[in-house]
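Here the structure comes first, spelled out in structure tokens, and everything after it is commentary.
Please read these numbers as outputs of a predicted model, since none were measured by experiment. Lettering follows sequence order; numbering is per chain, from 1.
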2 protein chains.
Amino acid sequence: MSTDAVVTTAAYEACPVTGVLRIIGDKWSPAVLRLLAERGHGFNELDRSIEGISRRMLTRTLRSLEESGYVLRTPYGPAPARVEYTLTARGRSLREQLRALGQWASVHDTGP
Amino acid sequence: MSTDAVVTTAAYEACPVTGVLRIIGDKWSPAVLRLLAERGHGFNELDRSIEGISRRMLTRTLRSLEESGYVLRTPYGPAPARVEYTLTARGRSLREQLRALGQWASVHDTGP
DNA sequence: CCGAATCCAGGCGGATACTG
DNA sequence: CAGTATCCGCCTGGATTCGG
């Protein structure tokens with residue numbers, strides 16, 4: 001059965017790196033991962049540390065990273081509503097890869 | 001002089017990886033780089049190899065990679081209009097980084 | 001064979017204001 | 001402090017058509 005079936009998403013899905021890039025290839029994920037790699041951060045703390053980001057995009061970025069299992073969100077403190085964002089094991093692992101890529105970029109230039 | 005000047009694009013630009021990702025973080029660049037890493041390809045050859053891509057996006061992707069110095073475009077043959085796309089030294093160098101990231105991705109899953 | 005031109009939908013990302 | 005809600009411009013990316 002099937003000589004030509006299941007052509008579908010052959011060469012495209014065959015590139016594993018695409019999946020990750022669709023998540024961390026956006027505008028702010030690298031900066032967030034970078035900061036969280038140092039230590040846990042609160043929301044506004046991240047907001048203030050990342051120059052130019054909006055609270056909206058910070059939320060979206062954090063949600064995306066959380067859903068992908070890179071970031072852990074832990075609310076604490078019933079009163080003034082505090083949340084801490086930290087990297088998961090996968091997040092730290094990914095961060096290492098990004099650091100290597102960043103290393104490469106700073107050496108080989110990032111284009112014109 | 002200046003205690004608070006030059007706040008500008010601090011933490012954002014401080015992340016070198018962002019620059020590269022803005023180029024290869026799109027939908028098709030990884031697949032193109034992957035194929036060109038094997039050998040030189042013609043335009044339609046790439047078009048046929050990458051399932052789902054449109055000629056338009058292939059053109060844009062190649063132009064982008066060319067402008068960034070990752071891909072070399074060399075036309076040859078006056079008659080039937082042939083072009084060969086190959087990786088530059090920087091391109092091959094970048095491809096190595098991507099391969100490493102792809103390795104990581106295929107091990108650590110790419111998320112749901 | 002290798003594109004460029006046009007059209008168009010959808011998503012990313014910014015600005016602003018409001019909530020608990 | 002930690003978000004949500006709304007609006008809106010822009011760019012990515014797909015489909016189709018035309019040209020060298």
Sugar-phosphate only, base, or nothing, as touched by A/D47 at under 4.0 Å among non-hydrogen atoms
nothing
Sugar-phosphate only, base, or nothing, as touched by B/T59 at under 4.0 Å among non-hydrogen atoms
sugar-phosphate
Looking only at C/dC1, D/dG14, D/dC1, the nucleotide nearest the A/R82 side chain is D/dC1
Taking the minimum atom-to-atom distance to the side chain of A/R60, which one of C/dC12, D/dC1, C/dG14 wins?
C/dC12
Give the rounded distance in Å between these two atoms: [atom1] of [X] and [atom2] of [N].
X	N	atom1	atom2	value
A/I53	C/dC12	CD1	C1'	13 Å
B/L65	D/dT12	CG	P	13 Å
B/E51	D/dG13	CD	P	18 Å
B/N44	C/dA4	CG	C1'	14 Å
A/K27	D/dT12	NZ	P	12 Å
A/M57	C/dC12	CE	C1'	6 Å
A/H41	D/dC1	NE2	C1'	15 Å
B/L58	C/dG3	CG	C1'	10 Å

Atom pairs, N/O to N/O, protein against nucleotides 8-10 of chain D, distance under 3.5 Å?
none

Considering just the side-chain nitrogens and oxygens of [X], establish if one lies under 4.0 Å of OP1 or OP2 belonging to [N].
X	N	value
A/R73	D/dG3	yes
B/Y85	C/dC1	no
A/R63	D/dT4	yes
B/R22	D/dT12	no

Considering all heavy atoms, the nearest [X]-[Y] contact:
X	Y	result
B/T86	B/G40	CG2-CA, 3.8 Å
A/C15	B/A31	SG-N, 4.1 Å
B/S54	B/D47	C-OD1, 4.3 Å

Residue pairs involving residues 55-66 of chain A (criterion side-chain hydrogen bond (donor to acceptor under 3.5 Å, both in side chains); sequence neighbours excluded):
none
Which pairs count as side-chain hydrogen bond (donor to acceptor under 3.5 Å, both in side chains) when at least one residue sits in residues 35-44 of chain A, sequence neighbours excluded?
A/R39-A/E45
Measure the spacing between [atom1] of [X] and [atom2] of [Y] and express it to the nearest 0.5 Å.
X	Y	atom1	atom2	result
B/E84	B/F43	CD	CZ	14.5 Å
A/R73	A/E67	CZ	CD	12.0 Å
A/R92	A/R90	CZ	CZ	12.5 Å
B/L33	B/W28	CG	CH2	14.0 Å

Would you list the protein and nucleotides 17-20 of chain D atom pairs, both N or O, that sit under 3.5 Å from each other?
| from | atom 1 | to | atom 2 | distance (Å) |
| --- | --- | --- | --- | --- |
| D/dT17 | O4 | B/R55 | NH2 | 3.2 |

Hey, mind stepping through A/L94 and B/W104 against side chain to side chain contact (heavy atoms under 4.5 Å, CB included) and telling me if it holds?
CA-CA 8 Å; A/L94 175 61; B/W104 180 91; 3.7 Å; yes
Going by side chain to side chain donor-acceptor pair (under 3.5 Å), name the residues that satisfy it together with B/T88, two or more places apart in sequence or in a different chain.
none
Closest-nucleotide mapping onto DNA chain D: is B/D26 or A/G42 further toward the 5' terminus? I mean the 5' end.
A/G42
side-chain contact (heavy atoms from CB on, under 4.5 Å) test vs A/R95 passes for just one of A/I24, A/L87, A/L36, namely A/L87
If each end axis of the helix from C/dC1-D/dG20 to C/dG20-D/dC1 is fitted on five C1' pair positions, the angle between them, to 10 degrees, is 40°
